[in-house]
Visitor: 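Below you'll find the structure I mean.
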Amino acid sequence: MSNKLWSLKWDKDTLILLDQTKLPQTITYLYCKTMEETANAIRRLAVRGAPAIGVAAAYGMVLALQNELKENLTGDELKQAFHKAGKYLAGARPTAVNLSWAVGEMLSLFDRTDEKNALKNLTVRAKEIEAQDRKICEKMADSGAELFKDRTHLNILTHCNTGALATAGIGTAFGVIYRLHEEGRIECVYADETRPLLQGARLTGTELMQNEIPCRLITDNMAAWVMAQKKIDAVIVGADRIASNGDTANKVGTYGLAVLCAYHHIPFYITAPFSTFDFSISSGDEIDIEERDPDEVRKYGNCYAAPENIPVFNPAFDVTPHSLITGIITEKGVLRPPFEDAIKQFERSL
Ligand code: MRU
C-alpha cells in the first residue's frame, strides 16, 4: 500500500477501507466481504465524508448481490433481498444524501438488468461512480481556485475533513485548498479540530501535513478570534446534503462559522458535487439530522472528560441557511444566490 492516504479500494470481490477511526496513530485496513460489514463501517465512521460514503455504498450493494447470488437466490426472491439490502445500507447514516443516491443508482440499475449480467453491470457501475467522484473533485478544485485567481497569501479556514479521506479523489473543499496550494497561493490553512470526533485534527491535520500545506490547527472555539486577528480570506467547507433553496447540512459547527463569517464580512463557500444535492426537498427543514452516541461528547479520545452519565445532545450535523452562503462550488462552476434559480439550472445541466 502506498504512503499517500486513500479512503477505499475495490479489489476483485472485496471492498478495502482505510479504518479512519484509528488515524492518525495507526494505519489499518478493513476488508469488507459483505454489505453488513460495509454498513457497519459507515455507521462507525471507519469510512466517512459524504462522497466516500456514497462510493462505499455502491460497492456495498455489489457485495450484497454477490452474496445473494452465492445463496442461489433468483427472481422475485433475489429482487426482494437486494432491495432489502439497499434499505438497510441506506439507513446506516441518514444525513449524507450521497449514500441514498448511490444505493438508489444500484437498485435502479439492478431493476433494469437481467439477472445473468447483474453482478457484472453493478460492479462496472460502482467503479464508474468511484471514477466519476475522482474527476468531479478535480473540477471542483478548478472552479474553486478560479475564485481566487488574482490573489496570493490566502488565509483559509476549514472545518471537518473534506479531502482524500472523505472522497475517492482529492476532496471537495480540501481539493480547492489543495489546488490553491499547488498554485502557490496559500499563506495558511486554519483547520478546526472539529469536536466531538476530531475529523479536523486527526484527518485534515494528517492531509495538510502530508501535502506540506502551511497550516495551523485550532480548536473550534478559536474560530471567531482567528477571523478577527488573522485576516481570513474565506471559509471553505464541504456538505452532506444541500436542499433546493441552498440550505446546507454539514458537520456540526459549520453553521456557527457561517454566522461568524457574516459578522466579519468573510466569504463563506460550500464545495459539493451533484450527488450531495437533494433536489427533492425545498429547504433544510426537511433534512434528517443524525444524532450519535452521547459518549462521543462525554469522551475525549478514550477518556471520559465529563461525568459518565451526564445527559448529552449530539447532533452530527447542522444546517446553514442559504442566506449565509456566498457561493456553492460545484463541478459545473460556482452557484450564486438566488440559489433556488441557480440550483434549478444546475439540476437541468446534469
Ligand atoms: O461525520 P463525517 O465525518 O462523515 O462528516 C463529514 C462532513 O461533514 C464533511 O464536511 C462532508 O461530508 C463533506 S465531505 C467531502
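Atoms within each ligand, like the ligands themselves, are counted from 1 in listed order.
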Visitor: Got a salt bridge between Lys127 and Glu130, using NZ or NE/NH1/NH2 to carboxylate O under 4.0 Å?
Guide: no
Visitor: Examine ligand 1 and decide if any of its atoms is less than 4.0 Å from a heavy atom belonging to Ala239.
Guide: yes
Visitor: Would you check whether Ala316 reaches within less than 4.0 Å of ligand 1, judged by its heavy atoms?
Guide: no
Visitor: Once the angle between the rings of Trp10 and Tyr59 is folded into 0 to 90°, is it parallel (under 30°), tilted (30 to 60°) or perpendicular (over 60°)?
Guide: parallel
Visitor: Assert yes or no for the condition that the ring centre distance of Trp6 to Tyr29 is strictly below 6.0 Å.
Guide: yes
Visitor: Which residue supplies the protein heavy atom nearest to atom 4 (O) of ligand 1, what is that atom called, and how far is it?
Guide: Arg93 NH1, 2.7 Å
Visitor: Test your reading of the structure: does Asp240 have an N or O sitting under 3.5 Å from an N or O of ligand 1?
Guide: yes
Visitor: Considering distance alone, does some N or O of Arg48 sit under 3.5 Å from an N or O of ligand 1?
Guide: yes
Visitor: Looking only at protein heavy atoms, identify the closest one to atom 12 (O) of ligand 1 and say how far it is in Å.
Guide: Ala50 N, 2.8 Å
Visitor: Mark the output for Phe317 as yes if a heavy-atom distance to ligand 1 is under 4.0 Å, and as no if none is.
Guide: yes
Visitor: Report, in ascending order of atom number, the atoms of ligand 1 lying under 4.0 Å from any heavy atom of Ala166.
Guide: 14 (S), 15 (C)
Visitor: Which residue supplies the protein heavy atom nearest to atom 5 (O) of ligand 1, what is that atom called, and how far is it?
Guide: Lys251 CE, 3.3 Å
Visitor: So is Gly49 polar-close to ligand 1, meaning N/O to N/O under 3.5 Å?
Guide: yes
Visitor: Note the single closest protein heavy atom to atom 15 (C) of ligand 1, along with its residue, its atom name and the distance in Å.
Guide: Thr172 OG1, 3.1 Å
Visitor: Please determine if Asn250 has a nitrogen or oxygen closer than 3.5 Å to a nitrogen or oxygen of ligand 1.
Guide: yes
